[in-house]
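This chain uses plain numbering: 1 for the first residue, then up along the sequence.
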Amino acid sequence: MTDLAISSSHVSKRFASHVGATSLKERILRRAHISTKDFWALRDVSVDILAGETVGLIGANGSGKSTLLKVLAGILRPTEGTVRSNGRIASLLELGAGFNSELSGRENIYLNASLLGLTRKETRSLLDEIIEFSELEEFIDGPVKHYSSGMYVRLGFAVAVNVDPEILLVDEVLAVGDEHFQRKCLDKISEFQDDGRTILFVSHSSGLVEQVCSRAVVLDHGHVMFDGDPYFASFELRKLLGTDVPSSKPDDAEHSGLVFGKVVFSNRAGGPPIERVAPGESLAIRVPVTIGEHWIGRVDHVRLVVMGVGDIPIWSMTIPAADLPQRAGDWALDFVVPECPPLRGRFVVAVQLSREAGQAIAAMRTSNAFEITGAQKIGLIKVDYVGYAEAGVVA
């Protein structure tokens, strides 16, 4: 059984805010009129993070992402529910959090490391490596109150990733700083992934989440709205924000000249339409697209995801830029599965044309569906198994 790194069970977090007074004088003179109003930043959040997973938390401002990260890090106590963790956690949750502005960068390294459970001797052995990673050698003995926001991030991230954490929690601080250091941070995250460490981070970049994460959680007003494939998480977030791109929008200059046709399911590319296919049979999905001159050379890849009930992703397929036509006009995007998997049920598909960074140019979801007629009567997939019973056996 895969170990859990962090588990939250029915977690809710409530904050109380005072209403009715805007100053200390007003609070004293009008105490009787002051009331408190409860604000629930999180409501009934249950999330299990497996060891070795890289999970992105995404959502609009105020959705509860940073609050959830602080609760999982143990910085905030949940009002309701429980949180369990297994392994040393290093967190970089707020710009300058845990720093003493009057101390030097070097002194703050010792302070931060001690908060993460390291002894002074252990920190001393890591000091050169931390300073080198931060690239702040010439500023390390100056007070951090004179640091820029980018320098804060460099120092905080350098400490967090060099104290040998098993779990790394990172807030949106990666958006601060220059491109060179962001690339360095992403390389370090990739190294952690190769080592099988657990990473959980907040980001407003859906492209980054799709690129880095194996899973994404979408939050909205403190509730988990989606937990699963990063591609669909990004799509769900765009739907929540009202920024999902329709299949065609001719009155929009940016998206004009790109129109999806009706998707056709068949047994072969370009073949007659079918509504159902049996496991082991060939399945071909054709997506007609009319594309204008404006978009030639700008589409990096096309992604098609087959989805089951509740838009749960079942499998995905991609056509890279190198295999796309380089002229305007009508395209036929064909995805062929030589042998349909042993599934049962009805399925729709979602298609997205994206730029290089994963930014959607246009997306659509089919209203028509195809059926896979698996032999099993119950369940999505058929598996081989052995079942038997014995009498007189005491467990």
Check residues 39-47 and write down every donor-acceptor pair under 3.5 Å in which the side-chain atom is one partner and the other belongs to a residue at least two apart or another chain.
residue	atom	partner	partner atom	Å
D44	OD1	H10	ND1	2.7
S46	OG	H10	N	2.8

In sequence, state the C-alpha distance, the side-chain angles, and the governing distance for L237 and F226, and then conclude on side chain to side chain contact (heavy atoms under 4.5 Å, CB included).
CA-CA 9 Å; L237 177 59; F226 181 88; over 6 Å; no
List the steps, then state whether side chain to side chain contact (heavy atoms under 4.5 Å, CB included) holds for I199 with V212.
CA-CA 10 Å; I199 304 166; V212 174; over 6 Å; no
Test side chain to side chain contact (heavy atoms under 4.5 Å, CB included) on V302 and L304; report intermediate values, then the result.
CA-CA 7 Å; V302 178; L304 181 147; 5.8 Å; no
Set out, in order, the CA-CA distance, both residues' side-chain angles and the distance that settles side chain to side chain contact (heavy atoms under 4.5 Å, CB included) for Y110 and L103, then state yes or no.
CA-CA 10 Å; Y110 281 98; L103 298 180; over 6 Å; no
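Checking side-chain atoms of T198 against main-chain N and O of G52 turns up a donor-acceptor pair under 3.5 Å. Between the side chain of R197 and the backbone N or O of L168 there is no donor-acceptor pair closer than 3.5 Å. Here the side chain of N108 pairs a donor or acceptor atom with the backbone of N100 at under 3.5 angstrom. Side chain of E129 to main chain of L126: no donor-acceptor pair is present (N/O by atom type, distance under 3.5 Å, no hydrogens or angles). Within the 3.5 Å criterion, the main-chain N or O of S214 finds no donor-acceptor partner in the side chain of T54. A donor-acceptor pair under 3.5 Å is formed between the side chain of K184 and the backbone N or O of F133. Between the K65 side chain and the A60 main chain, a donor and an acceptor come within less than 3.5 Å of each other. Judged purely by atom type and a 3.5 angstrom limit, S266 uses its side chain to pair as donor or acceptor with the backbone of P272. Without hydrogens or angle criteria, S134 side chain to R154 main chain gives no donor-acceptor distance under 3.5 Å. Of the possible polar contacts, none joining the E80 side chain to the P78 backbone as a donor-acceptor pair under 3.5 Å is found.
T79 is not listed as a side-chain neighbour of F15, based on a closest heavy-atom distance of 4.5 Å or more. Residues L169 and I167 have side chains in contact (heavy-atom distance under 4.5 Å, counting atoms from C-beta outward). Looking at heavy atoms from C-beta onward, S8 lies in side-chain contact with L72 at the 4.5 angstrom threshold. Side-chain atoms of R298 and R355, non-hydrogen and from C-beta on, never get closer than 4.5 Å to each other. Two residues are said to be in side-chain contact when any heavy atoms from C-beta on lie closer than 4.5 Å; R303 and S354 fail this criterion. Side chains of R365 and V305 form no contact here, defined as non-hydrogen atoms less than 4.5 Å apart. H294 places none of its side-chain heavy atoms less than 4.5 Å from the side chain of L258. Between I131 and I109, some side-chain heavy-atom pair lies under the 4.5 Å cut-off.
Taking a 6.0 Å sphere around CZ of R183, one finds it holds more than 12 heavy atoms contributed by other residues, nucleotides or ligands. Within a 6.0 Å sphere centred on NE2 of H221, other residues, nucleotides and ligands contribute 12 heavy atoms or fewer. Counting non-hydrogen atoms of neighbouring residues, nucleotides and ligands closer than 6.0 angstrom, the CD atom of E132 reaches no more than 12 such neighbours.
Note on ring orientation: taking the six-membered ring where Trp is involved, the planes of Y152 and F99 are parallel (angle under 30°, cut-offs 30° and 60°).
With values rounded to the nearest 0.5 angstrom, F181 atom CZ is found 11.0 Å from K188 atom NZ. Taking CH2 from W295 and CD from E293, the interatomic distance works out to 13.0 Å, rounded to the nearest 0.5 Å. Between F201 atom CZ and C185 atom SG the span is 11.5 Å, to the nearest 0.5 Å. Expressed to the nearest 0.5 Å, how far CG of L4 lies from CG of N86 amounts to 8.5 Å. To the nearest 0.5 angstrom, M225 atom CE is 12.5 Å from I58 atom CD1. Taken to the nearest 0.5 Å, the CG atom of L57 stands 7.0 Å off from the CD1 atom of I49.
The two atoms that bring E166 and R88 nearest to each other are OE1-N, 2.8 Å, heavy atoms only. In plain terms, the two heavy atoms of I130 and N162 that are nearest each other are CG1-CB, 3.7 Å. Across all their heavy atoms, T82 and R84 have their closest contact at OG1-NH1, 3.6 Å. Taking all atoms of both residues into account, the shortest heavy-atom contact from V263 to T366 is CG2-CG2, 3.5 Å. Among all heavy-atom pairs drawn from M307 and A350, the shortest one is CE-CB, 3.8 Å. Listed here is the closest heavy atom pair of I140 and Y147: CA-OH, 3.6 Å.
Hydrophobic clustering places L324 together with V351 (ILVMFWY residues linked when any side-chain heavy atoms are closer than 4.5 Å, directly or through intermediates). Two different hydrophobic clusters hold W331 and V264 under the rule that ILVMFWY side chains link at heavy-atom gaps under 4.5 Å. Connection of V336 to V277 is not established within any shared hydrophobic cluster, with ILVMFWY side chains joined at heavy-atom distances below 4.5 Å, either directly or through further cluster members.
For the residue pair S282 and N267, no side-chain donor N or O sits within less than 3.5 Å of a side-chain acceptor on the partner.
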